[in-house]
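All chains are named by letter (A, B, ...) in the order of the sequence lines, taking the proteins before the strands, and each is independently numbered beginning at 1.
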Amino acid sequence: MKGVTPMENEKYLHAMRHSLAHIMASAVKRLWPEAKFGVGPVIDDGFYYDIDLGQSLSPEDFAKIEAEMRTIITEDQPFERFEKPIDEAIVWATEAKQPYKLELLNDLKRAGTTSAKDLDAEELGIPSDESKVENVSFYRNGDFTDLCRGPHVESTGKVGAFKLMKVAGAYWRGKEGNPQMQRLYGAAFATEKELRQHLAMLEEAKKRDHRKLGQELDLFTFSDLVGPGLPMYTPRGTVIIEEIKNALRQISKEFDMQLVSIPHLAKIDLYKTSGHADKFSEELFTVKSHYDQEFVLKPVNCPHHTQIYASRPRSYRDLPLRYIEQTMQYRDEKPGQIGGLQRTRGFTVDDGHTFCRVDQIDQEASMLVEVIQQFYENLGLWGKHWVSFSVRDPKNPAAYIGDPSDWERAEAMLAEVSERYHLNAKRMEGEAAIYGPKLDFMFQDALGRETQLATVQLDFAMPKRFGLTYTDESGESQPPVMIHRAILGSFERFIMLLIEHFAGKFPLWLAPEQLRIITVNQTEEIAGMAAQLKTKAKELDIRVLVDNDNESVGKKIRTTELMKVPYVVVLGEKEVESGKLTPRIRKDLSTREEAQSYTVEEFLGTLANEAKSRVTKTSL
RNA sequence: GCCACCUUAGCUCAGUUGGUAGAGCAGCGGUUUUGUAAACCGCAGGUCGUCGGUUCGAGCCCGACAGGUGGCUCCA
């Protein structure tokens, strides 16, 4: 693409990908004349088209479809644009036996404008403003005609490199009750080279998949006997969890947060009061007592925390009260949702609830945003995220609890905090929690899938439902406000993100094993020095292992490389004689070109120091 | 939950048109005593995810279930 501006290139990519969606649809139509089409938009790396064939497609059909697409590309059919009044378009959709297009057109006619967001404006031949719809546009290539706003490339021969990637079920218009269509995905780029690079990038991403690394680095495991969605951490994985817990506890202390502790189940009545039982009944694990009571495993911790608040009278002078804990919660997720550490049935959260006065909301929410920002900055993750300002769906008020006026106030306050900290938050309607608006901090996994970690949620509703109060300056009883918050969200997701972010090469303070001592041979002197070194390292809280196996040094080094151990020292005659060590440092940690020698004390002292510089010390 | 695909040793994978299972690594034993990414020899390890069906005969064909993967939907 010589002499083409990035903007023009972007436009071409979009038009070309969209054209490929049409070409794919044409090919499918030739192969299966009965095919009914849904929508076929452009996505980040290519395009897809939703198709109802009355039968399932499988990857085995890809070769056939791709071959047909190449035929159409060789035919170099021009893309012709034309317009029809909406009523004629409806006649067209009826005659062409395209019920999905017909539904879109009918909805469009009824709505009258493009303002209704779920009308897939891009798919329809309509302008993207609020103007009255009169005409809709079509594009035709060969004998295939599709409702479409365009633009397209001139002809089918003008598209770039593509590859059909996958097929998946997708509900028509994203609604679970609707028929399921086949969504055919394709990757497309301007050149073969870019396509190859993209495919290579996907292969690379798979290598840092936390499920693969979790197995290779011996961090966590699943068992069919224990059950799906129930991860277990090995000793190595648990080290990481514990280090993070320690860091969080350190932060908590510095910000006057108080650790609390609650049991993992409660009577269902607790969640009837909170409102969770109604909205999330399907996801509750129920536990039957022998004595006529029904319990549920806690799916959240806020109701328990309200009962700690309620355990004694509170004064305005007591507030804010910041309860936090690191605890496991349980949700009976649908089998199809579970996967790796991204969504599990039991997961540990760093949950916290601040009870405060309305005039303290700003300060409390601001503090949390600051803590979150610092925490992620220090792990190098800040900037790899976006913030969702999640508010109510105005069309579905029944999905929420609490007064509308409280909601408005809460939304305004959070918006202000978000503004002040330049969070660049995207307003997401319908993404709020049942009890209030929230700021969600979203991150991407190795394969580009989004996941929510940190969150700050305002809640005027739940304290009222539990009848929580404090006594204000004039002796009046007032409901407190609750702020639900998490810094890392769930440990499972957070660990997933860390594994993939570092590709398993954890910073020293998180590394399950910080130092490995390798012996050159099994003589007594060397083994003795190894044992001594290990003892000294352990005294300094360095996580250390000795490899005194009867194997070559090369082999032992290779093992430490594969396990991504940060520091390795080899002990042989040389070291025994000189008493000096020449550490081998994992590449990403080493700033020096050449290996340097240290006395045992120097080396261990430096290492112990570096290992302490965890996220809290530098930041908070 | 829905659609598609996958499941062979602890791990990564072979396994011809259906004729009764193989490799490398890891493990264990021995030889070797090793200097910065894989020493050598041997041994052991599998009701081919489970159950049922077709067949003279099933790792291979069919079905159900379980588990996993990619999406969709959901996510307090």
Side-chain angles (χ1 to χ4, degrees), chain A residues 48 50 52 55-61 165-185 206 209 211-212 215-216 218 221-225 227-229 271 274-280 282-284 298-303 329 331-340 342-343 347 349 351 390 399-401 431-436 438 440 447 449 451-452 455 457 459 462 484 486 489-490 493 518-523 526 548-563 568-575 582-585 595:
Chain A
Y48 71 75
D50 283 348
D52 179 355
Q55 66 166 79
S56 291
L57 276 175
S58 85
E60 287 165 27
D61 300 310
M165 299 296 286
K166 55 195 175 194
V167 58
Y171 299 107
W172 166 236
R173 304 184 87 172
K175 297 215 177 71
E176 204 168 351
N178 283 346
Q180 197 160 41
M181 310 181 74
Q182 310 294 314
R183 179 168 296 177
L184 261 173
Y185 287 90
K206 273 190 205 158
D209 187 313
R211 289 164 298 197
K212 183 172 151 66
Q215 152 72 21
E216 288 172 0
D218 189 19
T221 188
F222 291 90
S223 151
D224 282 359
L225 274 177
Y271 302 102
S274 71
H276 290 100
D278 268 351
K279 183 151 185 206
F280 300 105
E282 306 254 299
E283 283 80 32
L284 294 179
K298 66 182 166 80
V300 288
N301 306 299
C302 26
Q329 55 192 40
R331 296 177 186 178
D332 196 5
E333 300 285 356
K334 296 177 189 169
Q337 324 285 28
I338 293 169
Q342 144 67 26
R343 188 86 75 95
F347 57 102
V349 289
D351 206 1
S390 307
Y400 309 95
I401 59 176
E431 296 292 318
I434 45 172
Y435 44 72
K438 48 184 186 156
D440 289 327
L447 298 170
R449 292 173 295 201
T451 204
Q452 177 211 311
T455 186
Q457 316 180 348
D459 179 2
M462 206 180 290
H484 308 241
S490 96
R493 279 185 188 176
I518 288 177
T519 57
V520 172
N521 59 43
Q522 281 68 55
T523 59
I526 293 171
N548 192 32
D549 284 358
N550 181 4
E551 293 285 354
S552 69
V553 172
K555 169 90 169 271
K556 294 183 187 180
I557 292 284
R558 180 180 148 81
T559 308
T560 65
E561 288 282 344
L562 293 175
M563 293 304 282
V568 179
V569 292
V570 176
L571 297 187
E573 307 294 337
K574 235 169 30 192
E575 285 73 20
T582 312
R584 182 190 165 96
I585 306 169

Q: Expressed as a whole number of Å, how far does the P atom of B/A4 sit from that of B/C11?
A: 28 Å
Q: I need the CD1-P distance between A/Ile338 and B/G67, as an integer number of Å.
A: 8 Å
Q: Within the 4.0 Å heavy-atom criterion, would you say A/Glu283 contacts the bases, only the backbone, or no part of the nucleic acid?
A: base
Q: When you measure from the side chain of A/Tyr185, which nucleotide among B/A39, B/C72, B/C2 comes out closest?
A: B/C72
Q: Would you say the side chains of A/Gln182 and A/Asp52 form a donor-acceptor pair under 3.5 Å?
A: no
Q: OP1 or OP2 of B/C6 less than 4.0 angstrom from a side-chain nitrogen or oxygen of A/Lys166, does that happen here?
A: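 Checking A/Lys166 against B/C6: no side-chain N or O falls below 4.0 Å of OP1 or OP2.
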Q: Can A/Phe280 be classed as stacking with the base of B/A76, given a centroid separation cut-off of 5.5 Å and a plane angle cut-off of 30°?
A: yes
Q: Has the side chain of A/Tyr171 got a donor or acceptor that lies under 3.5 Å from a partner of the other kind on the base of B/G1?
A: yes
Q: What is the distance from atom OH of A/Tyr171 to atom CE of A/Met181, rounded to the nearest 0.5 Å?
A: 13.5 Å
Q: Could you state the CZ-P distance from A/Arg211 to B/G67, rounded to the nearest angstrom?
A: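 So the CZ-P distance, A/Arg211 to B/G67, works out to 17 Å.
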Q: Closest nucleotide of RNA chain B for A/Gly174 versus for A/Ile434: which of these residues is on the 5' side?
A: A/Gly174
Q: Quick one: which of B/A26, B/C72, B/A76 gets closest to the side chain of A/Lys555?
A: B/A26
Q: A/Leu447 has a side chain; which of B/G70, B/U33, B/A39 sits nearest to it?
A: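 Of the candidates, B/G70 comes closest.
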Q: Under the side-chain contact (heavy atoms from CB on, under 4.5 Å) criterion, do A/Glu216 and A/Arg211 qualify, and how do the steps go?
A: CA-CA 9 Å; A/Glu216 288 172 0; A/Arg211 289 164 298 197; over 6 Å; no
Q: Rounding to the closest angstrom, what is the interatomic distance between B/A21 and B/G68 at atom C1'?
A: 24 Å
Q: Whole angstrom is fine here: how far is it from CD in A/Glu176 over to P in B/C72?
A: 13 Å
Q: Classify A/Gly275 by what it touches in the nucleic acid, base, sugar-phosphate, or nothing, heavy-atom distance under 4.0 Å.
A: nothing
Q: I'd like to know whether CD of A/Glu282 has more than 12 heavy-atom contacts from other residues, nucleotides or ligands below 6.0 angstrom.
A: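 No, CD of A/Glu282 has 12 or fewer neighbouring heavy atoms, counting only those of other groups under 6.0 Å.
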Q: Does a donor on one side chain sit under 3.5 Å from an acceptor on the other, for A/Lys556 and A/Thr519?
A: yes
Q: Taking the side chain of A/Gln215 as heavy atoms from C-beta outward, which of B/C75, B/C11, B/G70 is closest to it?
A: B/C11
Q: Whether A/Lys438 contacts B/A76 is assessed here as follows: a side-chain N or O lying under 4.0 Å from the phosphate OP1 or OP2. Is that the case?
A: yes
Q: Work out how far the P atom of B/A76 is from that of B/C3, and round it to whole angstrom.
A: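 Looking at atom P only, B/A76 and B/C3 are 26 Å apart.
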Q: Report the distance from atom NZ of A/Lys212 to atom P of B/G10, rounded to the nearest whole Å.
A: 19 Å
Q: Given the C1' atoms of B/C60 and B/G18, what is the spacing between them in whole Å?
A: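 Each nucleotide's C1' atom is 6 Å from the other's.
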Q: Side chain of A/Asp224 only, please: which of B/G35, B/G67, B/U73 is the nearest?
A: B/G67
Q: Using modelled atom types only, decide if a donor and an acceptor are shared between the side chain of A/Asp278 and the backbone of A/Gly275 within a distance under 3.5 Å.
A: no
Q: What about A/Gln182, does its side chain sit under 3.5 Å from the base of B/G71 through a donor-acceptor pair?
A: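 Side chain to base: no pair below 3.5 Å.
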Q: Provide the distance between the two C1' atoms, one in B/A58 and one in B/U17, to the nearest whole Å.
A: 14 Å
Q: Under 4.0 Å between a side-chain nitrogen and a carboxylate oxygen: does that hold for A/Glu333 and A/Arg343?
A: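 Counted as a salt bridge, because a side-chain N and a carboxylate O are separated by less than 4.0 Å.
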Q: Pick the C1' atom in B/G67 and in B/U50, then give their distance to the nearest Å.
A: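 That atom pair is separated by 10 Å.
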Q: For B/A4 and A/Ser58 - does any side-chain N or O of the residue sit under 4.0 Å from the phosphate oxygens OP1/OP2?
A: no
Q: How does RNA chain B look in dot-bracket notation if pairs are Watson-Crick or G-U with both distances under 3.5 Å, crossing ones as [ ], other-strand ones as |?
A: (((((((..((((.....[..)))).(((((.......))))).....(((((..]....))))))))))))....
Q: Classify the side chain of A/Gln337 versus the base of B/C75 as yes if they form a donor-acceptor pair under 3.5 Å and no if they do not.
A: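 Answer no: no donor N or O sits under 3.5 Å from an acceptor.
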Q: What's the gap between B/A14 and B/G46 when it is taken at their C1' atoms, as a whole Å value?
A: 15 Å
Q: Can you tell me if CD on A/Glu60 sees more than 12 non-hydrogen neighbours from other groups inside 6.0 Å?
A: no
Q: Atom NZ in A/Lys298, atom CG in A/Asp351: separation rounded to 0.5 Å?
A: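 A/Lys298 NZ to A/Asp351 CG: 8.0 Å, rounded to 0.5 Å.
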Q: Does A/Arg183 place a side-chain N or O at less than 4.0 Å from the phosphate oxygens OP1/OP2 of B/G70?
A: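 A/Arg183 to B/G70 OP1/OP2: no side-chain N or O under 4.0 Å.
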Q: With a non-hydrogen cut-off below 4.0 angstrom, is A/Lys574 in contact with a base, only sugar-phosphate, or nothing?
A: base
Q: Describe the nucleic acid contact of A/Phe222 in one word from base, sugar-phosphate, nothing, applying a heavy-atom distance below 4.0 Å.
A: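 Answer is nothing: A/Phe222 stays at 4.0 Å or more from every strand.
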Q: Once you apply a heavy-atom cut-off of 4.0 Å, does A/Ala170 come out as touching a base, just sugar-phosphate, or nothing?
A: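 If one applies the 4.0 Å heavy-atom cut-off, A/Ala170 turns out to touch the sugar-phosphate alone, with no base involved.
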Q: With a 3.5 Å cut-off and heavy atoms only, can you find an N or O donor on one side and an acceptor on the other between the side chain of A/Arg343 and the base of B/C74?
A: yes
Q: Counting the atoms with a prime plus P, OP1 and OP2 as sugar-phosphate, which does A/Pro228 contact under 4.0 Å by heavy atoms, base, sugar-phosphate, or nothing?
A: sugar-phosphate
Q: Contact class for A/Gly572 vs. all strands (heavy atom < 4.0 Å): base, sugar-phosphate, or nothing?
A: base
Q: Checking all strands, does A/Gly340 fall into the base, sugar-phosphate, or nothing category for heavy-atom contacts under 4.0 angstrom?
A: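 Sugar-phosphate: the residue A/Gly340, judged by heavy atoms under 4.0 Å, touches backbone atoms but no base.
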Q: Indicate yes or no: does A/Arg584 engage A/Glu561 in a salt bridge with an N to O separation below 4.0 Å.
A: yes
Q: What nucleic acid atoms does A/Lys334 come within less than 4.0 Å of, heavy atoms only: base, sugar-phosphate, or nothing?
A: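 The answer is base, as A/Lys334 lies within the cut-off (heavy atoms under 4.0 Å) of a base atom.
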Q: Of all the nucleotides listed (B/A38, B/C5, B/G70), which has the minimum atom distance to the side chain of A/Ala168?
A: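 Of the candidates, B/G70 comes closest.
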Q: Could you check whether any side-chain N or O of A/Asn521 sits under 3.5 Å from a backbone N or O of A/Thr523, counting only pairs where one atom can act as donor and the other as acceptor?
A: yes
Q: Using atom C1' of each nucleotide, how far apart are B/G45 and B/G19 to the nearest Å?
A: 25 Å
Q: At under 4.0 Å between heavy atoms, what does A/Glu575 touch on the DNA or RNA strands: base, sugar-phosphate, or nothing?
A: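 Answer is base: heavy atoms of A/Glu575 come under 4.0 Å of a base.
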Q: Need one value for A/Ile518: base, sugar-phosphate or nothing, where a base atom within 4.0 Å counts as base even if backbone is also close, heavy atoms only.
A: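 Nothing: the residue A/Ile518, judged by heavy atoms under 4.0 Å, touches no strand.
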Q: Is any side-chain N or O of A/Ser56 closer than 4.0 Å to OP1 or OP2 of B/C3?
A: no
Q: Atom CH2 of A/Trp172 to atom C1' of B/C72: distance rounded to whole Å?
A: 14 Å
Q: Using heavy atoms to find the nearest nucleotide of RNA chain B for A/Val520 and A/Arg493 separately, return the residue whose nucleotide is more 5′.
A: A/Val520
Q: Between A/His484 and A/Tyr435, how do the two ring planes meet: parallel, tilted or perpendicular, split at 30° and 60°?
A: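 Judged by the thresholds at 30° and 60°, the geometry between A/His484 and A/Tyr435 is parallel.
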Q: A/Glu216 CD to B/C25 P: how many Å, rounded?
A: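 Rounding to the nearest Å, CD of A/Glu216 and P of B/C25 are 17 Å apart.
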Q: Could you tell me how far apart A/Lys556 (NZ) and B/U36 (C1') are, to the nearest whole angstrom?
A: 12 Å
Q: Send over the distance from A/Gln329 CD to B/C75 P, rounded to a whole Å.
A: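 Spelled out: CD on A/Gln329 to P on B/C75 is 16 Å.
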